[in-house]
Amino acid sequence: MLIIPAIDLKDGCVVRYVQGKRDKKVYSRDPVKTAKYWIKQGADLIHVVDLDGAFDGQLKNLAFVEKIVKDTGANIEFGGGVRSAILIKKLLNLGVKRVIVGTRVAQDEKFLKEIAKNFKNKVIVSLDAQGERLMIKGWKEASKGLKVIDFALRLKALGFKEVIYTDTLKDGTLKGPNIKDLKKLLKETGLLVIASGGVSSLEDLRKLKVLEKDGITGVIIGKALYEGKFTLAQALKV
């Protein structure tokens with residue numbers, strides 16, 4: 001189970017939000033330095049999100065992503081406002097290991113099929129959940145007529161093997177991950193899942209580790225690391 005530190009970018013700064021709401025706390029004004037820190041601590045993969053892109057549909061922090069890859073050589077999964085095949089190609093050419101997509105694939109069946117055909121092994125779909133509802137556009141809207149499990153099964157039918165699952169109501173709250181819905185997603189879809197949202201303690205990681213046998217392949221951690229609830233080294237030991 002991979003421990004994946006998160007770097008959320010807003011206006012060039014490393015920030016964290018609570019439940020995706022625009023009341024940010026700035027942790028660093030140097031994303032590259034932050035990435036280097038996580039690599040030094042032992043991270044094999046870093047989760048980078050352009051929050052400007054997620055909220056507005058246009059990437060504004062691409063230069064920082066490019067610099068992180070160039071200066072650190074880190075394995076990066078990147079998303080937030082990625083809504084075209086051209087942009088996916090650009091990110092992969094920059095050295096991004098895996099591109100995260102969400103909003104457009106939930107809205108556009110033709111685009112989803114194009115992604116499945118041409119980039120299946122280079123992208124990962126993010127399921128941003130609010131209960132059963134699938135959230136889009138930086139979690140500001142619910143996708144019309146789409147439930148999380150139904151969409152996950154659609155992805156599986158198209159050949160996707162792994163997804164990111166974020167409980168948007170847990171994200172940034174430090175109240176623990178949504179184990180119940182993670183178990184349901186794993187059981188009903190058979191997909192591999194990277195869990196995100198709510199991790200607050202090493203005990204939370206132990207609970208997720210138990211689900212590794214059911215298909216949990218990683219956990220994305222943001223606020224708990226930035227607030228010093230535990231270190232990345234401690235998490236990796238778990």
Side-chain angles (χ1 to χ4, degrees), residues 4 6 8-9 20 45-62 65 75-94 96-169 171 178 181-182 184-186 188-197 215-218 220:
I4 309 168
D8 288 357
L9 298 174
L45 180 67
I46 300 175
H47 179 83
V48 183
V49 174
D50 186 329
L51 291 177
D52 292 296
F55 292 146
D56 305 323
Q58 292 185 333
L59 271 65
K60 295 182 181 177
N61 295 280
L62 195 56
V65 177
N75 289 325
I76 300 292
E77 61 177 24
F78 173 78
V82 180
R83 297 173 191 174
S84 73
I86 291 173
L87 186 51
I88 291 172
K89 290 178 183 177
K90 182 176 182 178
L91 288 164
L92 293 173
N93 288 336
L94 288 178
V96 170
K97 185 176 180 65
R98 183 162 62 180
V99 180
I100 305 163
V101 292
T103 293
R104 191 173 170 197
V105 292
Q107 293 181 304
D108 187 337
E109 178 73 10
K110 184 178 178 181
F111 181 65
L112 174 59
K113 288 180 178 178
E114 179 186 356
I115 296 305
K117 180 181 178 181
N118 298 321
F119 301 103
K120 191 179 299 173
N121 298 319
K122 293 293 185 179
V123 304
I124 186 166
V125 178
S126 180
L127 303 176
D128 300 325
Q130 190 180 95
E132 292 186 348
R133 300 194 304 169
L134 184 69
M135 305 303 290
I136 58 174
K137 298 183 179 179
W139 310 350
K140 292 184 294 183
E141 297 179 17
S143 180
K144 295 178 181 178
L146 272 183
K147 291 184 177 181
V148 174
I149 296 290
D150 294 339
F151 187 54
L153 289 170
R154 176 67 181 137
L155 296 175
K156 185 178 181 179
L158 287 170
F160 289 96
K161 306 294 185 185
E162 186 177 40
V163 295
I164 296 172
Y165 172 87
T166 301
D167 186 322
T168 65
L169 296 178
D171 192 75
N178 187 339
D181 283 355
L182 278 168
K184 182 179 179 181
L185 179 65
L186 290 164
E188 294 191 20
T189 69
L191 288 167
L192 302 174
V193 176
I194 294 174
S196 177
I216 291 289
T217 54
I220 296 166

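Computed from a predicted structure; not experimentally measured.
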Practice item. Enumerate the residue pairs fulfilling salt bridge (Lys or Arg N to Asp or Glu O under 4.0 Å) with a member in residues 110-121, sequence neighbours excluded, ordered by first and then second residue. Key: none

Practice item. Show your working on side-chain contact (heavy atoms from CB on, under 4.5 Å) between Leu91 and Leu62 and close with a plain yes or no. Key: CA-CA 9 Å; Leu91 288 164; Leu62 195 56; 3.4 Å; yes

Exercise for review: First locate atom CG of Leu153, then atom CG of Leu185, and finally report the distance between them rounded to the nearest 0.5 Å.
Suggested key: 8.5 Å

**Study point:** Steps toward side-chain contact (heavy atoms from CB on, under 4.5 Å) verdict (Leu9, Asp52)
**Key:** CA-CA 8 Å; Leu9 298 174; Asp52 292 296; 6.0 Å; no

Check your understanding: If only atom types and distance count, is the side chain of Asn93 paired as donor or acceptor with the main-chain N or O of Lys89 below 3.5 Å?
Key -> yes

**Study point:** Check against side-chain contact (heavy atoms from CB on, under 4.5 Å), Leu158 and Arg154
**Key:** CA-CA 6 Å; Leu158 287 170; Arg154 176 67 181 137; 4.0 Å; yes

Practice item. Look only at the side chain of Ser143 and the backbone of Met135, and say whether a donor-acceptor pair between them is shorter than 3.5 Å. Key: no

**Study point:** Residue among Ile115, Leu192, Ile124, Val105 satisfying side-chain contact (heavy atoms from CB on, under 4.5 Å) with Phe160
**Key:** Ile115

Point to revise | Reported CD1-to-CD1 distance for the pair Ile194 and Ile4, which is rounded to 0.5 angstrom | key: 4.0 Å

Review point. Do side-chain atoms of Lys156 reach the backbone of Thr189 as a donor and acceptor pair under 3.5 angstrom?
Key: yes

**Study point:** Taking every non-hydrogen atom, the tightest pair across Phe78 and Val82
**Key:** CE2-CG2, 4.2 Å

Practice item. Please step through side-chain contact (heavy atoms from CB on, under 4.5 Å) for the pair Asp181 and Tyr165, ending with a clear verdict. Key: CA-CA 10 Å; Asp181 283 355; Tyr165 172 87; 3.4 Å; yes

Review point. For the residue pair Val148 and Gly131, what are the closest heavy atoms and their distance?
Key: CG2-O, 4.2 Å

Check your understanding: Which residue pairs pass the side-chain hydrogen bond (donor to acceptor under 3.5 Å, both in side chains) test when at least one of the two sits in residues 121-130, sequence neighbours left out?
Key -> Ser126-Asp128, Asp128-Trp139, Gln130-Arg133

Point to revise | Smallest separation among heavy atoms of Ile164 and Ser196, with atom names | key: CG2-CB, 4.5 Å

Exercise for review: Provide the closest heavy-atom pair for Ala106 versus Leu146 in the form atom of the first, atom of the second, distance.
Suggested key: O-CD1, 3.2 Å

